[in-house]
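Below is one structure, written out as structure tokens, with a few remarks after it.
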2 protein chains.
Amino acid sequence: MFAALGDPTRLALVAKLSRGGASSIVQLTEGTELSRQAVTKHLKILEQAGIVHSVRSGRESRYELDPAPLAEVKDYLDRVSAEWDQALMRLKAFVEE
Amino acid sequence: MFAALGDPTRLALVAKLSRGGASSIVQLTEGTELSRQAVTKHLKILEQAGIVHSVRSGRESRYELDPAPLAEVKDYLDRVSAEWDQALMRLKAFVEE
DNA sequence: AAAAACCGCAACCTTATGGTTGCATATTAT
DNA sequence: ATAATATGCAACCATAAGGTTGCGGTTTTT
């Protein structure tokens, strides 16, 4: 998940999809400096990570966002920062003891 | 940010720091299959991303978590999913029109 | 004073990653 | 029917990423 979003191009693709809704590969390639195939590869990676899925519609395949995994990431970060707070509390208690 | 957390080793380091609190490099290396230098490299990357910072204490340097950037990531994901919801709404309105 | 523990630096190696190019295939428009 | 559009597949390339090893320096410990 983090790895999938770790690439700037892929993060930009997610941002573009979040704004523009479902889009074809050529549409997603417009604006970037990359070739169509490069974008395709990134889309495959995002798809494998479950962040995005494609629907074939005639000669074009449209990709659209799948926001559920993003929520999972948020939950994970919530747990991590909660644990960190607890660790700080324990440290505080230990020092004051 | 995402790139920094995209590596499984680094994600594990963050998790360990969130539970155990500040730790030295050797402590963070224990449990992993990696060399001390490998862990050091990962810590440098996390430090550059602002996720972690080090404090030298005698002969050891202790690393501790910096949860603020994690909150930023959560905010970013919030914005992305909000935009996606709006895109869906617009699509719905367009179809029903 | 020696020995041990903890760390930093630098060179080096291997492989995944991001990217391009060329060609083939399936739809849509003229 | 033909041309144009949109994509898929595969080979190939360059570089960055992850990792190890060796060595030297500084605190602690004994």
Side-chain angles (χ1 to χ4, degrees), chain A residues 1-17 19-66 69 73 87 91, chain B residues 1-17 19-66 69 73 87 91 94-95:
Chain A
M1 260 285 350
F2 283 110
L5 294 178
D7 179 84
T9 300
R10 291 195 287 269
L11 201 56
L13 284 175
V14 169
K16 187 177 287 190
L17 283 177
R19 282 190 299 270
S23 320
S24 73
I25 299 182
V26 270
Q27 287 175 334
L28 291 172
T29 304
E30 286 167 11
T32 74
E33 299 298 311
L34 301 176
S35 67
R36 176 180 56 87
Q37 281 80 356
V39 173
T40 301
K41 280 193 183 181
H42 286 297
L43 287 172
K44 294 279 183 193
I45 294 174
L46 287 173
E47 191 168 25
Q48 276 197 325
I51 303 173
V52 118
H53 69 273
S54 74
V55 179
R56 189 76 191 228
S57 150
R59 71 179 153 182
E60 68 184 10
S61 74
R62 328 198 60 188
Y63 281 82
E64 73 177 25
L65 202 59
D66 223 339
V73 169
L91 177 63
Chain B
M1 258 286 353
F2 283 111
L5 294 178
D7 180 84
T9 300
R10 290 195 289 268
L11 200 55
L13 284 175
V14 169
K16 187 177 287 190
L17 283 177
R19 282 190 298 271
S23 319
S24 73
I25 298 182
V26 269
Q27 286 176 335
L28 291 171
T29 304
E30 287 168 11
T32 75
E33 300 297 313
L34 301 176
S35 67
R36 176 180 56 86
Q37 281 77 357
V39 173
T40 301
K41 281 192 182 180
H42 286 297
L43 287 172
K44 292 279 184 193
I45 294 174
L46 287 172
E47 191 168 25
Q48 275 197 325
I51 303 174
V52 117
H53 69 272
S54 73
V55 178
R56 190 77 191 229
S57 150
R59 71 178 155 184
E60 67 184 9
S61 74
R62 327 198 61 188
Y63 280 82
E64 74 178 23
L65 202 58
D66 224 339
V73 169
L91 177 64
F94 174 76
V95 169

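What you see below is based on every heavy atom in this structure, not just the backbone, and it leaves out hydrogens, waters and symmetry mates. A quick note: this is a predicted structure, and the numbers were derived from the prediction, not measured. Residue numbers begin at 1 in each chain, while the letters A, B, ... track the order of the sequences.
- In this structure, the CG atom of B:Leu28 is 12 Å from the P atom of C:dG8, given to the nearest Å.
- Within the 4.5 Å cutoff, side-chain heavy atoms of A:Ile51 are placed close to those of A:Met1.
- Rounding to the nearest 0.5 angstrom, the gap separating the CG atom in A:Leu43 from the NZ atom in A:Lys41 is 12.5 Å.
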**Asked** Using a cut-off of 4.0 Å between protein heavy atoms and nucleotide atoms, how would you tag nucleotides 17-30 of chain C 5' to 3' with B, S and -?
**Response** -SBBBB----BS--
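- We find that CG of A:Leu43 is positioned 14 Å from P of D:dC9, with the value rounded to whole Å.
- Looking at heavy atoms from C-beta onward, A:Val55 lies out of side-chain contact with A:Ser61 at the 4.5 angstrom threshold.
- Separating the CD atom of B:Glu30 from the C1' atom of C:dA5 is a distance of 12 Å, rounded to the nearest angstrom.
- For B:Arg10, the side chain to side chain donor-acceptor pair (under 3.5 Å) partners are B:His42, not counting sequence neighbours.
- What separates CD of B:Glu47 from C1' of C:dG8 is a distance of 13 Å, to the nearest Å.
- In this structure the side chain of B:Glu60 never reaches within 4.5 angstrom of the side chain of B:Ile25, judged on heavy atoms.
- In this structure, the side chain of B:Gln27 engages the main chain of B:Ser24 through a donor-acceptor pair within 3.5 Å.
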